[in-house]
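Below is one structure; the comments refer to it alone.
Letters A, B, ... are given to chains in the order of the sequence lines, protein chains preceding strands, and every chain is numbered from 1. Remember, predicted model here, so these are calculated numbers, not experimental data.
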2 protein chains.
Amino acid sequence: MIESHPLSPLVRRWSKYAPLSPSDANAILSLPYSRKNCTKDGYLVRDGQQVSDCTLLLTGFAFRQKLLRNGARQIISFHIPTEFVDLQNGLLAVADHSVQCLSPCEVAAIPRRALLDVANSSPDIRMAMWTETLIDASIFREWVVNVGRRDSRARIAHLLCEMALRLEKIGAGSDGLFEFPVTQEQLADATGLTPVHTNRTLQNLRKDGLIQLTAKSLKVLDWDRLRDAGDFDELYLHQSVATGPVN
Amino acid sequence: MIESHPLSPLVRRWSKYAPLSPSDANAILSLPYSRKNCTKDGYLVRDGQQVSDCTLLLTGFAFRQKLLRNGARQIISFHIPTEFVDLQNGLLAVADHSVQCLSPCEVAAIPRRALLDVANSSPDIRMAMWTETLIDASIFREWVVNVGRRDSRARIAHLLCEMALRLEKIGAGSDGLFEFPVTQEQLADATGLTPVHTNRTLQNLRKDGLIQLTAKSLKVLDWDRLRDAGDFDELYLHQSVATGPVN
DNA sequence: CGTTAATTTGAGACCATTCAATTTCGGTGG
DNA sequence: CCACCGAAATTGAATGGTCTCAAATTAACG
């Protein structure tokens with residue numbers, strides 16, 4: 001059945017961004033790809049690399065990061081199954097950051113040429129692809145705000161809200177319980193904090209009964225108060241109304 | 001002559017992202033638009049608004065910002081003439097942030113429908129448009145790094161490097177002297193610092209002979225040391241090799 | 001020139017960092 | 001199954017970069 005096709009989650013995701021005809025869906029499912037496995041901490045893309053494939057996350061979690069000359073690291077996004085980790089590399093010549101696995105991952109590497117061909121073959125498909133990269137960008141903007149203007153508690157709360165909501169949208173987890181295998185050090189590098197302060201801030205959120213966070217999973221105990229603590233407004237995820245009326 | 005057409009800078013910019021045929025160039029120049037003027041501090045786009053035009057900056061400077069519930073502000077990008085300030089609104093239904101003018105601006109408001117039509121009419125045009133939004137996103141990623149992991153001196157130096165280089169690329173200014181009408185408060189909101197600390201950091205950069213910054217212009221006195229101070233690597237701007245070889 | 005915005009200066013407080021040490025946890029081999 | 005190991009999480013105390021609050025000075029503009 002079609003649902004068991006490795007790329008069918010991609011069809012489902014893109015359908016939310018543009019109305020895909022059966023033949024569009026078929027074209028997507030017919031994309032060539034090579035299946036690869038990647039170990040925890042393994043690299044999917046390296047900064048500065050010429051890239052000829054885009055990587056779709058089938059199972060597992062990944063993150064993108066940039067290293068500074070002084071050795072510091074900033075994580076610029078986390079990725080969950082069914083997401084591309086580097087769709088921008090379909091057009092940009094050189095990777096401007098690295099992508100690494102948070103957990104063991106299964107991925108589909110799709111040749112950029114094939115992606116561009118399928119984009120050129122259907123207006124709706126390319127609108128969906130473009131929309132995906134635009135939502136990516138919107139999330140980056142919100143991250144600028146997060147690390148730029150929120151204090152440690154709000155920063156971490158906001159990040160957890162985002163991940164919980166994105167995981168919810170793909171139907172991973174229930175009752176506020178989600179698999180999210182992240183270390184406190186990675187959380188620190190995503191929020192621009194130190195691991196020590198991240199630890200103290202997490203204890204604070206736990207003490208207040210907002211969350212429960214282990215090395216493997218995140219449980220949201222009180223969504224409303226976590227959302228308030230994180231100054232969270234989901235508009236930037238553009239999930240309710242991805243593409244607006246075109247007049 | 002063609003060069004005097006208001007949209008010709010757009011053709012020049014997009015030519016760097018994809019090879020535009022004469023008919024492509026013509027299609028772009030034939031885009032419908034309404035010319036508008038905007039005063040300093042005036043809004044071009046408001047957060048939460050439904051948008052039906054994309055705004056191209058003909059003259060003047062603008063910035064994008066997000067406001068937090070507590071009243072704090074984060075500026076997420078600055079824009080210079082020939083750039084779109086909101087090309088993503090061609091596809092996203094609702095503006096997730098505001099755009100405001102740094103100086104009096106002349107803009108061309110182009111209907112999203114017309115932009116999408118011209119994109120659909122030519123593979124090269126749509127690749128150029130998509131590339132522009134992807135470079136936008138790359139800059140946002142670098143800003144996450146900037147506010148997340150650099151200290152105040154490096155943050156400001158990095159931002160000034162970026163603006164100087166982008167202004168240089170469009171041929172604005174010479175000898176390291178560029179028009180850039182920004183206040184220290186805006187610089188502070190762009191770097192996630194307070195105005196007071198921004199002021200002290202600027203004095204520090206001036207004292208070391210790296211820059212000269214007035215309310216109207218930026219002069220880079222020592223590019224190499226400013227670049228080092230800002231931990232700046234221009235790769236993320238994707239100007240040398242925007243679109244790579246497509247195999 | 002007067003008036004307001006923007007920049008500059010000073011001093012004290014605080015949030016987050018640094019540096020180290022300790023404890024807990026997850027996985028592995030005996 | 002348990003002892004062991006390294007990684008991750010936790011704790012403590014001191015330092016420091018940045019913030020806050022105010023006031024003074026300078027620049028911009030009509």
Side-chain angles (χ1 to χ4, degrees), chain A residues 39-41 61 63 68 70-75 100-104 146-160 179-207 211-218 229, chain B residues 39-42 61 63 68 70-75 100-104 146-157 159-160 179-207 211-218 229:
Chain A
T39 58
K40 180 162 132 74
D41 297 330
F61 295 78
F63 63 95
L68 285 76
N70 67 9
R73 171 175 78 159
Q74 177 69 41
I75 290 178
Q100 225 172 330
C101 294
L102 218 49
S103 65
N146 205 38
V147 293
R149 283 290 182 232
R150 293 197 183 101
D151 66 20
S152 62
R153 184 179 154 98
R155 264 186 235 190
I156 290 184
H158 191 281
L159 174 57
L160 297 181
E179 184 188 354
F180 185 44
V182 70
T183 68
Q184 293 185 5
E185 187 177 3
Q186 289 157 343
L187 232 36
D189 282 333
T191 50
L193 301 168
T194 56
V196 170
H197 197 62
T198 298
N199 178 276
R200 294 184 167 124
T201 306
L202 284 172
Q203 289 180 47
N204 186 279
L205 290 172
R206 275 193 282 246
K207 171 181 63 65
I211 57 159
Q212 217 170 294
L213 184 70
T214 71
K216 289 245 152 68
S217 69
L218 160 69
Chain B
T39 59
K40 178 161 134 69
D41 297 330
F61 295 78
F63 63 94
L68 285 77
N70 67 10
R73 171 175 78 162
Q74 177 69 42
I75 289 178
Q100 224 172 331
C101 293
L102 218 48
S103 64
N146 205 37
V147 294
R149 281 294 184 228
R150 293 195 182 102
D151 65 20
S152 62
R153 185 179 153 96
R155 263 186 235 189
I156 290 183
L159 174 58
L160 296 180
E179 186 189 353
F180 186 44
V182 71
T183 68
Q184 294 185 5
E185 187 176 4
Q186 289 157 344
L187 233 37
D189 283 332
T191 50
L193 300 168
T194 56
V196 171
H197 198 62
T198 299
N199 178 276
R200 295 186 165 119
T201 307
L202 285 172
Q203 291 180 46
N204 186 278
L205 291 172
R206 276 194 281 246
K207 170 180 64 64
I211 58 159
Q212 219 171 292
L213 184 71
T214 71
K216 289 246 152 66
S217 69
L218 160 68

Tell me whether [X] contacts the main-chain N or O of [Y] through its side chain, where contact means a donor paired with an acceptor under 3.5 Å.
X: A:Q74; Y: A:A190; value: yes
X: B:R149; Y: A:R73; value: yes
X: B:R206; Y: B:L213; value: yes
X: B:Q100; Y: B:G42; value: no
X: B:T191; Y: B:A188; value: yes

Just wondering, do A:Q184 and A:P195 contact through their side chains at under 4.5 Å, heavy atoms?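 Counting from C-beta outward, A:P195 and A:Q184 never come under 4.5 Å.
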In the structure I gave you, are the side-chain heavy atoms of A:F61 and A:P181 within less than 4.5 Å of one another anywhere?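 A side-chain contact under 4.5 Å exists here.
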Could you tell me the separation between the CD atom of B:Q186 and the P atom of C:dA5, rounded to a whole number of Å?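 In whole Å, C:dA5 P lies 14 Å from B:Q186 CD.
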Without decimals, in angstroms, what is the distance between B:L202 CG and C:dT8 P?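 Rounding to the nearest Å, CG of B:L202 and P of C:dT8 are 8 Å apart.
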All N/O pairs under 3.5 Å across the protein-nucleotides 5-8 of chain D interface:
none

Under the salt bridge (charged side-chain N to carboxylate O under 4.0 Å, His left out) rule, collect the residues that match up with B:R155, sequence neighbours excluded.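 Partners of B:R155 by the salt bridge (charged side-chain N to carboxylate O under 4.0 Å, His left out) criterion come out as none, since no residue qualifies.
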Heavy-atom contacts, protein to nucleotides 9-25 of chain C, under 4.0 Å, summarised as B (base), S (sugar-phosphate only) or - (none) per nt, yield BBB----BBBB------
